[in-house]
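As the structure lists them, so they are numbered: ligands from 1, and atoms in each ligand from 1. Values below: every heavy atom of this structure, side chains too, minus hydrogens, waters and symmetry copies.
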Amino acid sequence: MSDKYALIGNPVAHSFSPLIHAEFARQTGHDIEYTRLLAPLDGFAAAVEQFRAQGGKGLNVTLPFKLDAYRLATEKSARAEQAQAVNTLKFEAGTVFGDNTDGAGLVRDIEVNLGFPIVAMRVLLMGAGGAARGALPALLEKKPVTVVIANRTVAKARELARRFFHLGCSACGYDELANRQFDLIVNATSASIAGELPPLPPHLFAPRSLAYDMMYGKQPTPFLKFARQQGARTADGSGMLVEQAAESFFVWRGVRPDTAPVIARLRAGEFL
Ligand code: NDP
């Protein structure tokens, strides 16, 4: 019988994760079944328990349950502790191991796939939700000169930045970005899902800067369109999606799949 894994969230119908993991399984010769698990908004723990009782080996966790997964895990990786959010659960005898692969996936896509070293860069991270929390420790580990977190609800950005203040992290509202420039600007907000653009001032992008939107899709997001108009290089989150999935696959199976062909297929629209 195949080892069972799933993506748990609400909603989950739109996700490419089952197709990506099916590709990884084919590539590595591992016998896994990976499905979507729609959990009621007030029923995360019960849905996890049921999946585990049915022999489930692990879960990917998406909106809005990453904090619930952090609370549910009985053992956590250092990066999950730093992010205080979990997107990967692994079930073992008597324990639920929680990890966060979002940050590693983002940084690998930026540095390895896009060839953009983060060291000594001025980084702007937009958003202070689950995705930003996962991204922040991984970005800081690459030793940028600064990471500024901008968020609509400024108090959330300040709370997040406070924990990483000693590593050169600070927070502000969008209205405080005028006359500032960044080399790497990561959109970790969900504004793109609603077709919206956070209120960014012009001249935010330094020469040769990279604008990265964690959102992915057929059309460029409002943020990526704005960045292009401002002369920045742009990338959407499809590479991060595959890289964080590969990192989860490694956590579960101990094998790292080759991500390049899977990213190429995703970008070619083969999974749409
Ligand atoms: P959350 O709901 O946890 O956080 C949403 C964030 O977006 C908050 O900071 C919120 O600000 C901000 N926001 C929402 N609407 C607007 C707006 N109109 N203008 C400015 N800010 C806004 O979501 P997640 O952090 O989990 O996800 C964020 C994005 O990252 C999603 O698009 C998701 O699909 C993507 N993602 C992609 C991944 C990938 O592999 N490519 C992996 C994980 C996430 P406030 O605090 O003020 O509400």
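A salt bridge links Glu92 with Lys90: the closest approach of a Lys/Arg side-chain nitrogen to an acidic carboxylate oxygen falls below 4.0 angstrom. A salt bridge does not link Glu243 to Arg256: none of the charged side-chain nitrogens sits closer than 4.0 Å to a carboxylate oxygen.
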**Glu23 vs Arg26, salt bridge (charged side-chain N to carboxylate O under 4.0 Å, His left out): CA-CA, chis, key distance, verdict** = CA-CA 5 Å; Glu23 255 324 283; Arg26 195 189 53 74; 2.7 Å; yes

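Ring centroid separation for the pair Phe44 and Phe65 comes in under the 6.0 Å cut-off.
In this structure, Arg122 is not positioned above the aromatic face of Phe182 in the sense of NZ or CZ being under 6.0 Å from the six-membered ring centre and within 45° of the axis.
Protein residues having a heavy atom under 4.0 Å from any atom of ligand 1 are Leu63, Lys66, Asp102, Gly127, Ala128, Gly129, Gly130, Ala131, Asn151, Arg152, Thr153, Lys156, Ala188, Thr189, Ser190, Ala191, Ile193, Glu196, Met214, Tyr216, Gly237, Met240, Leu241, Gln244, listed by chain and number.
Note on residues 224-235: no pairs pass salt bridge (charged side-chain N to carboxylate O under 4.0 Å, His left out), not counting sequence neighbours.
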